[in-house]
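Each chain gets a letter, A, B and so on, in the order its sequence line appears, and its residues count up from 1.
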There are 2 protein chains.
Amino acid sequence: MVKEEREAAAEVLKALAHPVRLGVVEILAGGERTVTQLYEELGCSQSMMSQQLKILCQQKLVEIRKDGTQKYCSLCNRDFLKVFTCMHKHLRQFLNFQD
Amino acid sequence: MVKEEREAAAEVLKALAHPVRLGVVEILAGGERTVTQLYEELGCSQSMMSQQLKILCQQKLVEIRKDGTQKYCSLCNRDFLKVFTCMHKHLRQFLNFQD
DNA sequence: AGTAAGCATTATAATATTTTTATATTAAGC
DNA sequence: GCTTAATATAAAAATATTATAATGCTTACT
């Protein structure tokens, strides 16, 4: 990877590296959700969710489809779910995370 | 993942989500390097490298072995290299990254 | 037209990260 | 013991992120 690519990759990873945004991706792994469903399930404000979704969309991790007054969110790239498996193992194996 | 785990996972991802730290991991994929080799290859200051390595070590992405006056860095968990493949594809497929 | 639901945007204060500069430590070689 | 090479730490300045509160925009319904 050349410098420019590392910078772009860092942006994508930064978009994932946040508890709420990580939660969004995890929930969307189970299928489409509305914005309201997301912030209720994650227990954050509507404004927060809207801002975090924007970041996820910019990095093309999430896409949004509009239907009437609601917006439905879903994953762009399910390949990222690998990262969860990887993190899950890392936390337990190297950072002695307890369940 | 429960909230606490998402927070821990976000910390690990944050450690990766930086151009220099990403560069370190990429270089170490090719084997052990000294701190000097790392900052020279990545073109950053010695102080920068030392601080970034600390973050990588805290999240157990990198480990350091001392030998005389030098320190040798290597990867703790090669499983993370998957993330690179994933990013490489994502940048090209969804963010139209040009080589 | 008026109202309410769903979501976005803006402004802002608090906090965290990044980078640089300067200084300290430690071990090797002479 | 002095010097140098390799690395760490501390402090400070610049910048970025986060969270909250307030407001605005659409759409649907009556």
Side-chain angles (χ1 to χ4, degrees), chain A residues 3-4 6-28 31-75, chain B residues 3-4 6-28 31-75:
Chain A
K3 191 178 181 192
E4 199 188 22
R6 283 198 306 269
E7 278 161 5
E11 287 304 305
V12 177
L13 283 168
K14 246 196 298 193
L16 271 180
H18 182 283
V20 167
R21 296 191 298 257
L22 218 44
V24 168
V25 174
E26 198 183 16
I27 291 173
L28 295 182
E32 221 178 37
R33 295 285 189 287
T34 66
V35 177
T36 300
Q37 288 177 322
L38 289 173
Y39 73 75
E40 284 184 348
E41 182 153 352
L42 289 171
C44 71
S45 73
Q46 176 268 314
S47 176
M48 244 269 107
M49 185 51 71
S50 184
Q51 290 175 101
Q52 304 313 322
L53 282 172
K54 190 173 180 182
I55 292 171
L56 289 168
C57 288
Q58 277 167 353
Q59 299 303 322
K60 299 281 191 261
L61 294 169
V62 166
E63 61 191 353
I64 296 186
R65 139 183 110 71
K66 197 177 166 188
D67 182 10
T69 177
Q70 312 209 140
K71 295 202 176 171
Y72 289 89
C73 307
S74 58
L75 294 183
Chain B
K3 192 178 181 193
E4 198 188 24
R6 283 198 306 270
E7 279 161 5
E11 287 304 306
V12 177
L13 283 168
K14 246 197 298 194
L16 269 180
H18 183 284
V20 167
R21 296 192 297 257
L22 218 45
V24 168
V25 174
E26 198 182 16
I27 292 174
L28 295 183
E32 221 178 37
R33 295 285 189 288
T34 66
V35 178
T36 301
Q37 288 177 321
L38 289 173
Y39 73 74
E40 284 183 347
E41 181 154 351
L42 289 170
C44 70
S45 72
Q46 176 267 315
S47 176
M48 246 267 108
M49 184 52 69
S50 183
Q51 291 175 91
Q52 303 314 322
L53 283 173
K54 191 174 181 180
I55 292 171
L56 289 169
C57 288
Q58 277 166 355
Q59 299 303 322
K60 299 281 192 261
L61 294 168
V62 165
E63 60 190 354
I64 297 187
R65 136 182 113 72
K66 196 176 167 187
D67 183 9
T69 177
Q70 309 209 144
K71 294 201 178 171
Y72 288 88
C73 309
S74 58
L75 295 182

Inset, instruction - Specify the separation, in whole Å, of atom CD of Gln70(A) and atom C1' of dA5(C). - result: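 In whole Å, dA5(C) C1' and Gln70(A) CD are 9 Å from each other.
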
Spacing of [atom1] belonging to [X] relative to [atom2] belonging to [Y], to within rounding of 0.5 Å:
X        : Y        : atom1 : atom2 : answer
Glu7(A)  : Glu4(A)  : CD    : CD    : 7.5 Å
His18(A) : Gln52(A) : NE2   : CD    : 4.5 Å
Arg33(A) : Tyr39(A) : CZ    : OH    : 15.5 Å

Taking the side chain as C-beta and beyond, is there a heavy-atom pair between [X] and [Y] under 4.5 Å?
X        : Y        : answer
Thr36(A) : Gln70(A) : no
Leu13(B) : Arg21(A) : no
Cys73(B) : Leu28(B) : yes

Legend entry - Phosphate OP1/OP2 of dA16(C) contacted by His18(B) side-chain N/O (<4.0 Å):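 Checking dA16(C) against His18(B), no side-chain N or O comes under 4.0 Å of OP1 or OP2.
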
Inset, instruction - Determine: side-chain N/O of Lys14(A) to OP1/OP2 of dT17(C), distance under 4.0 Å, yes or no. - result: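 Looking at the OP1 and OP2 atoms of dT17(C), neither is under 4.0 Å from any side-chain N or O of Lys14(A).
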
Inset, instruction - Would you indicate whether Glu41(B), at its atom CD, is surrounded by more than 12 heavy atoms from other residues, nucleotides or ligands within a distance under 6.0 Å? - result: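 Open.
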
Legend entry - Side chains of Ser47(B) and Gln51(B), donor plus acceptor under 3.5 Å: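 Checked: Ser47(B)/Gln51(B) side chains pair up, N/O donor to acceptor below 3.5 Å.
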
Inset, instruction - Name the first nucleotide and the last nucleotide along DNA chain D (5' to 3') that come under 4.0 Å of a heavy atom in chain A. - result: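 Contact boundaries, 5' end first: dT17(D) to dA28(D).
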
Inset, instruction - Please figure out whether Thr34(A) or Val20(B) has its closest DNA chain C nucleotide nearer the 5' end. - result: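 Counting from the 5' end, the first nearest nucleotide belongs to Thr34(A).
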
Legend entry - DNA chain C contacts among residues 45-66 of chain B, heavy-atom distance under 4.0 Å: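 Ser47(B), Met48(B), Gln51(B), Lys66(B), in order of number.
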
